[in-house]
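This report refers to the structure that appears directly beneath it.
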Amino acid sequence: MKTVKKLTPICLVLLLSGCMVGPDYHRPSADVPIQFKEAKGWQQATPLDAEPKGEWWRIFNDPELNQLMPQVAISNQNIAMYAAQYREARALAAQSKAALFPSLSATGSSTRAASHTNGSSPVQSIADSHSAQLTASWEVDLWGSLRRQREEDRASASASAAELANATLSAQSELAQDYFQLRIMDERIALYQQSITAYEGYLRVINNKYLAGNEDRGTLAQAQMQLASTRSTALDYQWQRAQLEHAIALLIGQTPSQFSLPAAPLTATLPAIPVSLPDSLLQRRPDIAYAERNVAAANAAVGVAIAGYYPDLTLSASGGFTSSVLHNLFSLPERVWSLGPELSGTVLDFGATSAKVEQARASYDASVATYRQTVLTAMQGVEDNLVELNTLNDEISAQKAASDAAAESARVTRNQYDAGMIDYLDVATTENSRLSARQSLLALQSTQWVTSVALVAALGGGWSTSDLPDAPAGNPR
């Protein structure tokens with residue numbers, strides 16, 4: 001019977017330690033459509049297509065891009081910063097877990113002290129004191145404050161992991177877009193170089209005719225102007241290419257002076273991008289996961305704030321030895337011990353705790369709004385890229401037909417000029433039209449490559465919430 005009475009307080013403490021104040025977390029609802037408005041005609045992703053693909057850029061089949069992309073995760077300094085912040089968040093979560101368990105500390109000391117007594121016969125006494133002690137302390141989580149704090153820190157660590165994934169995906173997407181723009185820029189520069197070579201040939205012929213008195217000064221000036229103008233535009237593209245190269249260097253963690261990418265033709269292939277259902281973005285977009293994990297952290301913070309209304313219970317115990325003689329320190333008569341609970345709580349704070357709870361609830365509401373806005377923005381991003389790619393396909397087809405027609409017109413005009421049927425002004429006009437039409441086609445193709453990369457990124461790249469730490473099984477976030 002006595003044993004039962006002794007166990008009753010312990011059972012009561014264990015029972016109370018199971019209480020947790022504050023709301024349990026449920027993912028907020030978000031307005032997600034059944035399907036994308038602009039996905040008509042696009043291939044529907046199958047369950048296999050929706051699996052994480054990791055190295056998503058490989059669908060473009062460009063060996064040079066495949067070599068550059070892994071350097072982003074290794075050397076990009078922005079990503080290194082987010083990786084360090086994730087390690088910091090994990091460490092905080094580990095601290096919160098450790099706070100649930102008792103702590104044990106040890107102390108030891110050895111002192112010698114002198115004291116003086118003043119009187120008719122002053123006396124000095126010297127005393128030695130030696131001690132060794134172990135102290136155990138445990139804050140009993142009566143109201144779940146520590147567990148809510150751990151829940152908050154784990155959610156924050158998970159959000160940090162998603163933020164790292166989002167920063168990585170963003171940098172990878174930017175690298176792919178810059179790379180494809182640079183390769184198209186190589187084609188545009190090469191096209192201008194071809195035109196410059198052709199115009200130089202025309203200028204030599206016209207100059208010889210002018211010297212022979214068979215061509216007028218106006219025609220020569222026209223040929224000179226056309227050549228100089230084309231050279232000027234080619235130089236303009238050169239610095240634009242250089243800046244794209246510098247941007248790529250920065251993304252892979254190098255200085256522009258350390259990195260160069262020689263001109264080369266674009267060998268990649270535009271992939272057929274399968275479009276998954278809109279609700280899959282909730283699992284495949286790291287920015288959405290980041291916002292949702294912040295909601296979970298804010299929800300747990302409400303529980304931490306509410307626990308401030310209730311007292312804290314700390315159990316502590318200490319035991320050790322103290323003696324004036326070192327060699328007798330660990331003998332049984334020198335032992336000392338203490339044991340007892342400590343209950344502490346706020347009696348009057350003039351509404352400070354209530355204000356903290358209100359602040360936590362307002363922060364939660366703000367994080368919910370941010371989450372829902374992130375979902376809406378993600379939906380918009382996919383729709384924008386879909387409609388742009390749909391339009392670009394038709395626009396490129398029309399521009400290619402215009403470019404082919406301009407090239408044929410320029411060919412016919414050159415033949416007529418060589419046959420002496422027309423003057424050079426007609427040739428210059430049709431050549432400018434041919435060059436302009438071809439450049440417009442390349443500009444559209446550049447936009448098509450950039451938008452294709454943007455769509456892959458908008459669909460989540462190769463990421464999934466299953467990559468997050470502590471992701472609950474069967475409850476994708």
Side-chain angles (χ1 to χ4, degrees), residues 2-24 87-111 113 128-157 297 299-326 328-349 352-357 359-360 469-470:
K2 291 182 178 180
T3 303
V4 174
K5 289 182 178 179
K6 291 180 179 179
L7 289 176
T8 299
I10 299 176
C11 294
L12 181 60
V13 168
L14 292 176
L15 180 63
L16 287 174
S17 66
C19 299
M20 289 182 68
V21 297
D24 291 330
R87 295 199 308 272
E88 179 184 6
R90 285 198 308 175
L92 287 174
Q95 293 177 38
S96 299
K97 181 180 180 181
L100 295 171
F101 302 97
S103 63
L104 183 65
S105 60
T107 59
S109 66
S110 181
T111 60
D128 293 332
S129 177
H130 310 282
S131 68
Q133 185 172 338
L134 286 176
T135 302
S137 177
W138 180 36
E139 182 180 348
V140 182
D141 193 21
L142 287 176
W143 319 111
S145 173
L146 297 179
R147 279 167 288 163
R148 290 296 189 197
Q149 185 62 59
R150 185 192 178 202
E151 184 180 314
E152 178 184 357
D153 289 342
R154 288 176 66 185
S156 295
N299 181 82
V302 174
V304 174
I306 292 175
Y309 287 120
Y310 304 97
D312 297 327
L313 175 63
T314 302
L315 302 180
S316 60
S318 65
F321 301 88
T322 179
S323 174
S324 59
V325 182
L326 183 60
N328 289 334
L329 177 62
F330 294 103
S331 61
L332 192 60
E334 308 298 336
R335 64 182 178 176
V336 294
W337 61 272
S338 67
L339 175 67
E342 178 184 335
L343 194 65
S344 63
T346 302
V347 177
L348 181 64
D349 64 3
T353 301
S354 298
K356 289 179 181 178
V357 173
Q359 177 189 12
D470 302 321

Open item on the list: If you apply the rule side chain to side chain contact (heavy atoms under 4.5 Å, CB included), what do you find for Ser137 with Thr314, and how did you get there?
Closed with: CA-CA 7 Å; Ser137 177; Thr314 302; 3.5 Å; yes
With rounding to the nearest 0.5 angstrom, report the [atom1] to [atom2] distance, [X] to [Y].
X      : Y      : atom1 : atom2 : value
Arg154 : Arg147 : CZ    : CZ    : 13.0 Å
Trp138 : Leu313 : CH2   : CG    : 8.5 Å
Ser105 : Leu134 : OG    : CG    : 8.0 Å
Asp312 : Leu343 : CG    : CG    : 8.0 Å
Lys356 : Ile306 : NZ    : CD1   : 13.5 Å

Task: Partner set under side-chain hydrogen bond (donor to acceptor under 3.5 Å, both in side chains) for Thr353, not counting sequence neighbours - done: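 So Thr353 forms a side-chain hydrogen bond (donor to acceptor under 3.5 Å, both in side chains) with Asp349.
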Task: Non-neighbouring partners of Ser96 that pass side-chain hydrogen bond (donor to acceptor under 3.5 Å, both in side chains), sequence neighbours left out - done: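 In terms of side-chain hydrogen bond (donor to acceptor under 3.5 Å, both in side chains), with neighbours along the sequence ignored, Ser96 is linked to Asp153.
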TODO: Could you tell me which residues satisfy salt bridge (charged side-chain N to carboxylate O under 4.0 Å, His left out) with Glu151, sequence neighbours excluded, listed by chain and number?
DONE: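 Salt bridge (charged side-chain N to carboxylate O under 4.0 Å, His left out) list for Glu151, sorted by chain: Arg148.
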Task: Thr107 side chain near Thr135 side chain, heavy-atom distance below 4.5 Å - done: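 Answer no - side chains too far apart.
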Task: Side chains of Leu142 and Tyr310 in contact at under 4.5 Å (non-hydrogen atoms) - done: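 No, too far: nothing below the 4.5 Å cut-off.
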Of all the heavy-atom pairs spanning [X] and [Y], show the shortest one and how long it is.
X      : Y      : result
Ser156 : Ala89  : O-CB, 4.3 Å
Leu100 : Asp141 : CD2-OD2, 4.1 Å
Ala157 : Arg90  : CB-N, 4.1 Å
Leu315 : Pro341 : CD2-CB, 3.6 Å
Glu152 : Ala297 : CG-O, 3.4 Å

Open item on the list: Regarding Thr346 and Tyr309, do their side chains bring together a donor and an acceptor under 3.5 Å, going by distance alone?
Closed with: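 Per modelled atom types, Thr346 and Tyr309 side chains form no pair under 3.5 Å.
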